[in-house]
Amino acid sequence: MTDSGDKGLVFNIQRFSVHDGPGIRTTVFFKGCPLRCLWCSNPESQDYRQTLIVRDMTCTACGKCVAVCPLKAISIDENSGRRIDWSKCNQCLRCVEACMYSSLNRCGDYMTVAEIIKEVARDTLFYKNSGGGVTISGGEPLLQHAFLMKLLPVCKDSGYHVALDTTGFASREVIKSILPYVDLVLFDIKHLDDETHRKLTGVGNKAILSNLREVAKASNIWLRVPLIEGLNDSAEEIEKIGKLAKAVGAEKVSLLPYHEGGVSKSYQIGREYLIPKAKPPSAQYIESLKCLLLKMGVKATVGS
Amino acid sequence: MAEIKENIKSRLVIKAVRNVRRGDVNESAERGMYRPDIKLDLQRSRLMTASYKATDGKPMIMRRAKAFENILANMDLYIQDWERIVGSNVSFPQGLYFGIDMNWRSVERIVRGKEGQSLLDEKGRSELKAMIDYWKGKSMSDRQQTLFTGPILKYWKYEGTFLWTHWSELGIPDYEMIFRVGLKGIIQEAETRLAEIDTVVPADYLEQKEFLNSAIIALKALIRFANRYAVMAREMAARTVEAEHKKRLLEIAETCEWVPENPPRTFLEALQSFFFIHVGRYVEYSTLGIGVRFDKIFGSYYEQDISDGRLTREEALEILQLLWVKFHELGLVYSPMLSGIYGGVESLQAITVGGVDQDGNDITNEMTYLVLETAQSMKTLEPSIAMRYHEGTPDKLLHKAAEVMHEGIGYPSMFNDKGLIPTLRKWDVPLEDARDYAVTGCVYIEIPGKNIARRAHGALVLPKCLWWALHSGINPENNEQWGAKTPDPAEFSSVNDILAAYLDQVRFFFGRMTKIENICRSLYETYLPRPFYSAVLEGCIEKGRDTRRWAYPSMVHDFVVIIGATNVVDSLSAIKRVVFENKLVTLPELIEIMDRNWEGHEEIRQACINAPKYGNDDEYVDLMARDVHYGTSSVLAEFSDRFGNPLRGDGSGVSATYGLAYHTPATPDGRKNADAFSDATLSPSQGSDFKGPTAVLKSAAKIDTEKTYNHLLNQKFLPSMLEGDMRDVFVSYLRTWGDMEISHIQFNVVDKETLLDAQKHPENYSDMIVRVAGYSAYFVDLSKGLQDSIIRRTEQTFE
């Protein structure tokens with residue numbers, strides 16, 4: 001699939017988003033991500049294709065999906081109900097068409113600028129009263145750069161406050177070209193050590209940090225730090241992030257405690273969840289990290 | 001301070017009724033309808049019966065005034081040692097009010113059955129029996145039963161499409177007038193009128209004379225009632241050593257010697273005067289609600305006391321807390337059937353704060369905040385706080401409101417001047433009056449002081465009307481033509497055909513309900529005149545006529561609670577999608593499948609469930625919602641009350657959306673037999689809104705209040721949404737709701753886990769309050785099914 005720019009691949013449009021930038025917002029989630037963060041809470045967003053996502057609860061084991069699957073990846077077992085052999089699945093999604101119970105579903109819709117704007121426009125009054133707007137998120141939305149270059153100017157022309165939620169993992173040119181249409185960048189910082197970053201996310205952070213400095217010149221920034229106990233939550237690490245925040249003039253650091261959203265979703269897309277025992281740091285400890293940042297003169301919030 | 005509050009809270013007497021039935025079917029009678037310490041108080045019945053016997057043959061209005069006088073002159077009084085505001089409609093704090101003059105049958109039944117055995121001892125039961133012997137043939141329900149014949153009697157009996165109900169009569173006395181002249185001023189006016197009619201001799205001379213004399217008797221009776229408290233307080237003070245207690249008693253004596261006879265001079269006197277009037281209204285007649293615009297009425301008394309140095313803010317707060325305890329002493333006995341509609345209610349008492357004055361200026365004052373702080377510190381069932389919103393509502397007040405909502409008690413609930421004032425204008429209410437509207441209980445809108453003896457005369461089950469439309473009005477069990485004779489469903493070729501048949505059924509059943517209501521209203525006029533209440537309204541003394549013999553000229557009066565509109569909408573949407581567009585089944589096939597409660601056809605049910613649902617900002621179905629509401633509203637308005645005012649619906653819903661759903665079989669929206677309906681006129685069906693709260697508001701805003709009725713909308717928010725920085729976002733959300741002109745919104749601020757845990761461990765949550773409909777209730781008082789229906793309301797979460 002190539003990014004021709006006529007349509008974007010969107011896996012969710014979340015209205016009443018209140019943790020992705022100021023005020024009440026609508027967040028448009030783009031599908032596809034170059035990172036593979038161990039704790040990813042939206043693993044269905046990683047694959048840059050339309051993919052299958054299942055809900056076992058509504059399955060009645062009617063067998064219609066078994067009949068249409070060309071690769072015989074689905075079977076019905078009397079005891080355990082429907083089973084999917086994900087290793088055989090090629091995401092043809094014929095089973096989704098056959099399912100009557102919304103148990104097999106398609107993740108990802110190709111949408112035009114007009115279709116997205118129509119959805120976004122629905123809550124305009126809420127943005128106005130709350131100082132909110134649109135957040136572009138993912139996956140990594142910058143992967144669909146050509147499409148964003150069509151969508152974002154329309155958002156700006158419509159008067160929306162635009163926030164970009166990004167991993168920062170993109171080419172310098174891509175990032176620079178998008179900044180004129182963005183009011184705020186929610187920039188993810190997962191770890192400051194290149195090697196550790198690679199272990200945790202599958203990619204190094206050199207390009208990311210270099211992009212951060214570039215972004216800082218042109219846009220307001222909130223640094224967003226997911227906190228996973230034992231992986232990136234040491235006081236030392238947070239202190240470093242605090243220093244970075246000051247260096248690049250970030251408006252604030254958002255500490256985002258790990259949540260288990262990714263566990264069930266991994267199951268729903270037939271993926272193994274790599275860190276099943278992960279948990280967030282204790283509320284008390286997170287509070288101490290927040291205090292640490294505040295003492296450094298860095299504004300910090302928890303959860304948004 | 002905190003210690004005092006806790007102390008005050010411990011004095012609460014809880015008279016909430018538990019819902020023990022769904023429709024006419026027992027659900028959980030063994031729980032008992034009331035807490036074990038609550039006892040039926042027979043004193044009012046005893047004194048009323050004695051008076052009725054003594055006044056046999058006199059004009060009814062005189063008999064009612066004399067009975068009122070006898071009760072107030074002889075009922076045992078109590079002053080609890082902590083009280084600063086006194087008065088009650090019963091003779092002991094745990095007493096339960098009982099209107100033997102209305103309906104004794106259900107009470108006779110429940111005190112013998114599991115529902116209410118603990119309410120009365122053996123001696124009480126035999127006294128009750130003796131009194132009932134007198135009332136047989138004389139109580140309101142007896143008179144109804146003898147008057148109804150033939151087709152009316154047939155439809156009066158509840159079968160699931162509508163439930164016509166007794167009482168539910170509210171009303172707001174003209175407190176501003178009462179405070180201005182005192183009851184003595186009203187008595188003087190009545191005496192002047194008596195002298196005038198002796199000069200003029202109008203055509204209805206006798207009627208006027210009897211009314212005015214009765215009103216004077218009733219007003220004097222309430223003054224003497226207050227004076228009895230004064231005497232009692234002085235006697236108690238003489239025996240009391242403890243200085244603070246003695247001081248309180250002497251204060252009570254002085255207050256009750258002065259009000260309600262004279263205009264109040266202080267904040268405390270104003271509250272005491274108000275409470276006597278409130279209690280008087282409850283003693284005279286089986287009634288509900290409060291309705292007073294609390295900050296508008298009491299704000300100036302408070303401020304005067306503060307500037308005169310008579311009162312501190314802390315003391316005012318404490319007095320209000322004590323008043324809140326007194327509100328809780330006003331309960332009443334419900335029939336088991338009504339317990340299913342009023343699950344968890346005491347007396348549906350609501351007070352109003354905020355909004356504009358008659359000139360359109362914001363009325364927020366310090367009392368507005370004090371009321372909210374009282375609610376926050378007391379966290380009581382009643383009074384529920386109705387907050388009026390308009391553009392000029394201060395941000396500070398909205399933040400305070402959010403803080404109180406965060407307590408999870410379900411109030412303040414928000415009423416939108418921008419939606420309601422134009423609606424009242426449309427109902428021919430003059431602008432000045434419209435600006436003064438208040439909420440009496442649930443979402444009942446009234447105009448203070450005006451002759452609006454408001455009645456919710458029952459509940460109309462809209463999905464059942466649709467069900468009849470899908471069965472040509474024929475009861476499949478016995479082939480009887482029970483509803484309107486609408487076309488065979490096989491002939492329907494569009495959703496509009498079905499809508500038309502549905503409206504025919506609404507017309508048919510509401511027509512019958514209206515007949516019953518209008519007949520009963522003339523019974524009420526003849527047998528239950530209200531000399532006391534009439535005297536404290538604007539216009540009755542001047543006209544020389546009881547409240548029931550004329551009416552404020554507007555359709556603001558009578559209404560029917562409409563249940564399940566959203567299920568009708570979602571059903572039509574499902575039929576359109578599944579039958580007419582996707583042609584999965586024919587309409588007769590769908591009806592057959594549905595009538596077998598979907599058994600063996602879960603795939604069709606799923607297809608119906610997956611059709612577009614109201615509450616997702618989706619024009620496909622939201623425009624149908626508009627058609628259903630506008631159509632229903634027009635049909636209701638084809639009927640009039642006895643004074644020619646068109647009738648209307650109301651979104652109050654109470655717990656009937658659960659209780660009365662029992663007798664509606666499966667519906668095309670995928671709902672199964674007896675499952676609860678959507679919980680309010682503007683609420684999506686439980687769990688059917690997937691696009692978040694803003695989408696719900698967008699859907700709701702498409703239904704114009706002016707073209708319908710006042711609505712109710714429930715949303716459930718996680719507590720975190722109202723905390724810290726998020727509170728600003730929440731307040732902006734409220735303002736946007738205001739801009740959208742939606743008439744009402746209220747929030748259950750609690751997480752699902754807490755509710756589930758409370759189901760498992762009720763002992764740990766005995767004081768947890770949740771919002772049911774237009775009122776709040778103790779979660780533990782609700783039946784499991786009603787609890788479940790509250791848990792299923794979609795929790796508005798955010799990523």
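Proteins come first, then strands; the chains are lettered A, B, ... in the order of their sequence lines, and each starts at number 1.
Under the 6.0 Å cut-off for aromatic ring centres, B:Tyr389 and B:Phe415 do not qualify, their centroids lying 6.0 Å or more apart. Taking the six-membered ring for Trp and the full ring otherwise, the centers of A:Phe126 and A:Phe16 sit at least 6.0 Å from each other.
Open room surrounds NZ on A:Lys128; 12 or fewer heavy atoms of other groups in view lie less than 6.0 Å from it. No more than 12 heavy atoms of other residues, nucleotides or ligands sit less than 6.0 Å from atom CG of B:Asp725.
Using a 4.5 Å heavy-atom cut-off against chain B, the contacting residues of residues 93-108 of chain A are A:Met100, A:Tyr101, A:Ser102. For residues 613-626 of chain B, the interface with chain A (any heavy-atom pair closer than 4.5 Å) comprises B:Asn616, B:Asp617, B:Glu619, sorted by residue number. Chain A is approached within less than 4.5 Å, heavy atom to heavy atom, by no residue from residues 587-596 of chain B.
Applying the ring pair (Phe, Tyr, Trp, His ring centres under 6.0 Å) test to A:Trp39 and every residue at least two apart in sequence or in another chain returns nothing.
Between A:Tyr258 and A:Tyr273, the ring-plane angle classifies as tilted under the 30° and 60° cut-offs.
Side-chain atoms of A:Asn42 never come within 3.5 Å of backbone atoms of A:Glu44 as a donor-acceptor pair (strictly under, hydrogens ignored). Remark: side-chain polar atoms of A:Gln46 are not paired, donor with acceptor, to backbone N or O of A:Gly32 under 3.5 angstrom. Looking only at distances, a side-chain donor or acceptor of B:Thr566 sits under 3.5 Å from a matching main-chain atom of B:Ser683.
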I would like to know whether A:Asp56 and A:Tyr267 meet side chain to side chain donor-acceptor pair (under 3.5 Å); could you show each step before the answer? CA-CA 10 Å; A:Asp56 279 352; A:Tyr267 171 78; 2.7 Å; yes
Where do B:Asp570 and B:Ser573 land on the side chain to side chain donor-acceptor pair (under 3.5 Å) test, with the steps shown first? CA-CA 5 Å; B:Asp570 288 346; B:Ser573 169; 5.8 Å; no
Checking B:Glu741 against B:Thr705 for the side chain to side chain donor-acceptor pair (under 3.5 Å) test, could you report, in this order, the C-alpha distance in whole Å, the side-chain angles of both residues, the deciding distance, and whether it holds? CA-CA 8 Å; B:Glu741 299 177 4; B:Thr705 307; over 6 Å; no
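Chosen from B:Glu603, B:Arg605, B:Met740, the residue pairing most often with chain A at heavy-atom distances under 4.5 Å is B:Glu603. When each of B:Ile609, B:Val729, B:Val731, B:Asp728 is scored by its heavy-atom pairs under 4.5 Å with chain A, the top score falls to B:Val729.
To the nearest 0.5 angstrom, A:Ile269 atom CD1 is 4.5 Å from A:Arg271 atom CZ.
For B:Gly355 against B:His390, the heavy-atom pair with the smallest separation is O-NE2, 3.7 Å.
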